[in-house]
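Because the structure is predicted, anything quoted here is derived from the model rather than measured.
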Amino acid sequence: MDQLLWLAQHPDLGSAMGEAKREADPFTRLDLAVKLAGYRRDFTLTTRLDRLASEGLRALANGETTNSGLRPLRIALLSSHTVDHLVPAIRVAGLQRRLVLSVHVAPYGMYRQALLMDDAELANFAPQLIVLALDARDAPLQLPLEASQADVDAAVAERVDELRLLWRRARERYAAQVVQQTIVPADPPIFGSFEALVPASPYALIDRLNAAIRAAAREDGVLLMDLAWEAARGSYGDGLAEPVRWHQAKQLVSPNLAPLYGDQLARIAAASIGLSRKCLVLDLDNTLWGGVVGDDGVEGIHLGQGSPSGEAFLAFQRYAAQLARRGIILAVCSKNDLSVAEAAFNHPEMALKRSDIAAFVANWDDKAGNLRRIASMLDIGLDSLVFVDDNPAERDIVRRELPEVAVPELPDDVADYPARVAAAGYFEAVSFTSDDATRGRNYALNAERKAAMSQATDMEGYLRGLEMVLTATPIGAAELARSTQLINKTNQFNLTTRRYSEAEVERIASDPASVALTIRLADKFGDNGLISVVLARPDSAVAKDELLIDSWLMSCRVLGRQVEDAVLEVLAAAATAAGYRALIGEYRPTERNGMVAEHYPRLGFVQHPTLSDSEPDATFWRYELNSPRTSRHFIEVLA
């Protein structure tokens, strides 16, 4: 079956790989493999791409270069079915998301032993993500067909309790994020349509087990690779639990569908470290409505009830609106007169309103330049954007000019747009909080703040007039998911760019000797939501009365408002209350965090000797907590 349909079709991917293979330098071959991973491919081409990248990936792992722009992540696959044939596809799907995925495969069927006993090989690998890939034939629930619902519930609860024990061990031993694969039914039904009404029938058992796994995962902070859901939706066709493949090689996923499986796992891995996209940029004419508003007028565009195409455009708008409600930022990039384009949003059938759009760019400039402008307006990277345009030529130009921007290949009929965008997994989530739900509105409000600032002649008066209120809260269960999300997504205002799983953040936050804070900011325009996270902890490399600032990061949308001064005030008070005499700040330079190179000296820290075992380019700074301080901000602090 065709798969990865959202990726562009390369005119001759095999020849391009052959040409890339002739490059002598392994890092050049790796760069080419990263580019070629963005094209549609089958199992054979995926395997060839993995080989093309292999030497460069090994060199990266050996530390021969650290400036590749690729993020490393270690994944352990613990399975009850054969998964070795899936590993190349997982690695290549990682490259597509600029991830270097190191994959450790535990011995077949030994997932319990790997987590419950001492596994030296797994411990040495130190996984950051542990995938429990289980199947229906692994320890099936042995119940007679006449078993009652109570018997089924008890057996399911016992099985889920075992899984929860494994999840707990994975977090305790490795502070790893756990991904649980749901169970794909392997046997045909025996009761026909009556199957679901017999509690102990094969399909009913698996369905009940998956429901319990999903509920437990939600409670325990475990991510799902919902293979059962994807199978039910038909995403894998007949490629899951094929009897021939199972009996021959114990393969749950057939090799020809390895690219799809690899992509599904890689998008979860990317989301777990904050690499999901967060902005949907929409063309207008023949994308959100049928026709050209500048020629046809607002009344003449095709939209809404009364025609199949009008209803299809409306359905796509509703899908975009749903994405906005879960926190995806919406933007417009259109070749149009601004007033004409905005007027179309007054059409009575529009599901999207002008107020839903955080950045609206309509002019006659090239779209690549306008996408750069949108990213700047929103203070986000180009790698946060997904650009949807019905015009193949525009899609091709943007892919060529801005390879960081995701540009899905679209079907001919707009009726299929929502499914195609969803299938690509650009907006894969690992959590959903109230802050996520208001993100799009927050970015729109921030544009209003920037407009007000651009008109201000008195900066002090502008800042006072914002009526800012900062609230600092210790990281607890309610703040854990969003804090981890921000830690893994923030690149620019981030002093160390350390990335942590939820389990690792929880470990630091629960240490009574540490200070772990979430910071929220509100002003007269509205609530900015969670805008900063600080993790400070004791460390053997500093004195016992000194607290090392492990991570300090802040959303760029609140820059220039003296928030960092207020955050330092809160951190200093918390550290003093905990008995510390000084703060030690660390700055680790990256390609993208140069904006905070002078952060610590600007706040009054003085240079401190380099700590042992630190990064080669890291600098350290000391702040005496008992020195007199005067407030340097216009923010009301609640802590």
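Within the model, atoms CD of Q3 and CG of L257 stand 5.0 Å from one another, a figure rounded to the nearest 0.5 Å. Taking CD from E55 and CZ from R29, the interatomic distance works out to 4.5 Å, rounded to the nearest 0.5 Å. To the nearest 0.5 angstrom, R482 atom CZ is 12.5 Å from E502 atom CD. To the nearest 0.5 angstrom, T82 atom OG1 is 7.0 Å from D84 atom CG. How far CD1 of I90 is from CD1 of I75: 6.5 Å, rounded to the nearest 0.5 Å.
In terms of heavy-atom proximity, L371 sits nearest to L382 at O-CD2, 3.9 Å. Taking both residues in full, the closest heavy atoms of A271 and S276 are given as CB-OG, 3.2 Å, listed atom of the first, atom of the second, then distance. Here the closest non-hydrogen pair linking L30 and A53 is CD1-CB, 3.7 Å.
Considering only residues two or more places apart in sequence or on other chains, Y39 meets the ring pair (Phe, Tyr, Trp, His ring centres under 6.0 Å) condition with H10. For P418, the side chain to side chain contact (heavy atoms under 4.5 Å, CB included) criterion is met by F316, Y319, not counting sequence neighbours. In this structure, the side chain to side chain contact (heavy atoms under 4.5 Å, CB included) partners of R218, at least two apart in sequence or on a different chain, are A215. Take R354 and apply the salt bridge (charged side-chain N to carboxylate O under 4.0 Å, His left out) test, not counting sequence neighbours, and it matches E342. Remark: F427 pairs with no residue by the ring pair (Phe, Tyr, Trp, His ring centres under 6.0 Å) rule, at least two apart or across chains. The ring pair (Phe, Tyr, Trp, His ring centres under 6.0 Å) test applied to F125 returns H104, not counting sequence neighbours. Remark: F345 pairs with F360 by the ring pair (Phe, Tyr, Trp, His ring centres under 6.0 Å) rule, at least two apart or across chains. Residues forming a salt bridge (charged side-chain N to carboxylate O under 4.0 Å, His left out) with R326 (at least two apart in sequence, or on another chain): none. Under the side chain to side chain donor-acceptor pair (under 3.5 Å) criterion, R277 pairs with no residue at all, not counting sequence neighbours.
A donor-acceptor contact under 3.5 angstrom links the side chains of Q181 and Y261, judged on distance only. The closest side-chain donor-acceptor pair between E311 and H302, if any, does not fall under 3.5 angstrom. S501 and Q177 are not linked by any side-chain donor-acceptor pair at a separation below 3.5 angstrom, with hydrogens and angles left out of the test.
A salt bridge is defined here as a Lys NZ or Arg NE, NH1 or NH2 lying under 4.0 Å from an Asp or Glu carboxylate O, and D138 with R159 meets this definition. We find that D396 and R400 are joined by a salt bridge, their nearest charged nitrogen and carboxylate oxygen being less than 4.0 Å apart. Salt-bridge formation is not detected for the pair K35/D31: no Lys NZ or Arg NE/NH1/NH2 atom is positioned less than 4.0 Å from an Asp or Glu carboxylate oxygen. At a threshold of 4.0 Å, the pair D383-R592 counts as salt-bridged, since one of the basic side-chain nitrogens sits closer than that to a carboxylate oxygen. R214 and D226 are joined by a salt bridge, as a carboxylate oxygen and a charged side-chain nitrogen come within less than 4.0 angstrom of each other. Salt bridge R399/E409: present, at least one basic N to carboxylate O contact under 4.0 Å. Between R97 and D263 a salt bridge is recorded (basic side-chain N to carboxylate O distance below 4.0 Å).
The 12-atom threshold is not exceeded at CD of E19, counting heavy atoms of other residues, nucleotides or ligands nearer than 6.0 Å.
When atom types are taken as modelled, the side chain of N210 and the backbone of D207 share no donor-acceptor pair closer than 3.5 angstrom. E428 places no side-chain N or O within 3.5 Å of a backbone atom of I268 that could act as its donor or acceptor partner.
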Run R137 and D187 through salt bridge (Lys or Arg N to Asp or Glu O under 4.0 Å) and show every step you take. CA-CA 9 Å; R137 292 190 172 92; D187 297 315; 3.2 Å; yes
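Each side-chain hydrogen bond (donor to acceptor under 3.5 Å, both in side chains) pair with one or both residues in residues 384-393, not counting sequence neighbours, appears once here: T287-D390, K367-D389. Among residue pairs with one or both ends in residues 72-82, none qualify as salt bridge (charged side-chain N to carboxylate O under 4.0 Å, His left out); sequence neighbours excluded. Among pairs with a residue in residues 246-255, those fulfilling side-chain hydrogen bond (donor to acceptor under 3.5 Å, both in side chains) read S254-N256, at least two apart in sequence or across chains.
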